[in-house]
Amino acid sequence: MADEIVIAGRRFRSRLIVGTGKYKDGAETAAAIEASGAEMVTVAVRRVNLDRSKESLLDFIDPKKYFLLPNTAGCFTAEEAIRAARLGREVGLSDWVKVEVIGDTATLYPDVQATVEATRVLVKEGFTVLPYTTDDIVFAKRLIDVGAAAVMPLGAPIGTGLGIANTYTLRMMRELITEVPLVVDAGLGTASDAALAMELGFDAVLLNTAMAGAKDPVLMSSAMRKGTEAGREAFLAGRMPKKLYATASSPLEGISR
């Protein structure tokens, strides 16, 4: 059977979700998405030309091939995020939304209380909500309580490329949350970071700057695809236990001396 991720009843073969910002042009964006193998692609409602009066990022993303996930990037209050989500639905993008409410401009850390409120309102309005949040287990559970379809904790601050800053909190979150998929979102920088997130047991990773900011974005997108797949396979395989002392690969018992 295919190892698929299921979010709100919808199945995806790829466990890599990609963003669309920071590429040099639409052609590079399209090539990077293709190389990543992603099926779900996020677009910032407030940063794309929705009426298509001029060239738009949406012109380079085939909605028949990719599942569009509007996001509320650039919003600083619950009210702004709610308006952005409604706009995305009104123009026909999707009734799914990645809720992102920024609380601090220096770190781009999410305002978790505002995120919970926006999630609560949008779920009641029929949206499938995937909120970006911190690695705080308490707020993750609150997001689930108000109806989040998945929880997306940061690996490190947005765009830093630091990788997973705190494996302990993410490992704890993975152990304690099983009701919905968990997606590491933000802060990853290279393929080994994606592999580590998947080895920790997370259901998917969401990337943008790590690919768009690479010297060769298309090649890095391919690497992220392979890193995500390798990490998932390693998690399913179950790593060998760590030991303090050496164990010979070829057993010494039974050999002549």
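Just the heavy atoms: all of them, side chains too, but no hydrogens, waters or symmetry mates, feed the values below.
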Salt bridge Arg83-Glu79, side-chain N to carboxylate O under 4.0 Å: no
Check: [X] side chain, [Y] main-chain N or O, donor-acceptor pair, under 3.5 Å:
{"X": "Thr119", "Y": "Thr115", "value": "yes"}
{"X": "Arg89", "Y": "Asp95", "value": "no"}
{"X": "Thr77", "Y": "Glu80", "value": "yes"}
{"X": "Glu28", "Y": "Lys24", "value": "yes"}
{"X": "Asp185", "Y": "Tyr132", "value": "no"}
{"X": "Glu39", "Y": "Ser14", "value": "yes"}

Apply the test side chain to side chain contact (heavy atoms under 4.5 Å, CB included) to residues Leu188 and Thr209: give CA-CA distance (whole Å), side-chain angles for both, the deciding distance (0.1 Å), then the verdict. CA-CA 8 Å; Leu188 306 186; Thr209 307; over 6 Å; no
Test Asp193 against Met224 for side chain to side chain contact (heavy atoms under 4.5 Å, CB included), laying out the working first. CA-CA 9 Å; Asp193 297 333; Met224 288 300 190; 6.0 Å; no
Is [Y] close to [X] at the side-chain level, that is, under 4.5 Å between some pair of heavy atoms?
{"X": "Phe76", "Y": "Val101", "value": "no"}
{"X": "Glu125", "Y": "Phe127", "value": "yes"}
{"X": "Glu100", "Y": "Ile158", "value": "yes"}
{"X": "Val43", "Y": "Asn71", "value": "no"}
{"X": "Ile82", "Y": "Leu122", "value": "yes"}
{"X": "Phe235", "Y": "Phe202", "value": "no"}

Tell me, please, whether Phe139 has Arg142 positioned over its six-membered ring: NZ or CZ under 6.0 Å from the ring centre and within 45 degrees of its axis? yes
Only one of Arg15, Arg11, Arg232 passes salt bridge (Lys or Arg N to Asp or Glu O under 4.0 Å) with Glu4, and that residue is Arg11
Could you walk me through whether Met152 and Leu206 pass the side chain to side chain contact (heavy atoms under 4.5 Å, CB included) test, one step at a time? CA-CA 8 Å; Met152 305 203 295; Leu206 196 160; 4.1 Å; yes
Looking only at side chains, do Lys98 and Thr72 share a donor and an acceptor under 3.5 Å apart? no
With sequence neighbours left out, what residues match Tyr23 under ring-ring contact (aromatic ring centres under 6.0 Å, His included)? none
Hphob cluster co-occupancy, Leu236 + Met198, side-chain heavy atoms under 4.5 angstrom: no
Side chain to side chain contact (heavy atoms under 4.5 Å, CB included) test vs Thr29 passes for just one of Thr20, Val41, Val18, namely Thr20
Output for pair (Thr167 OG1, Arg174 CZ), nearest 0.5 Å, gives 15.0 Å
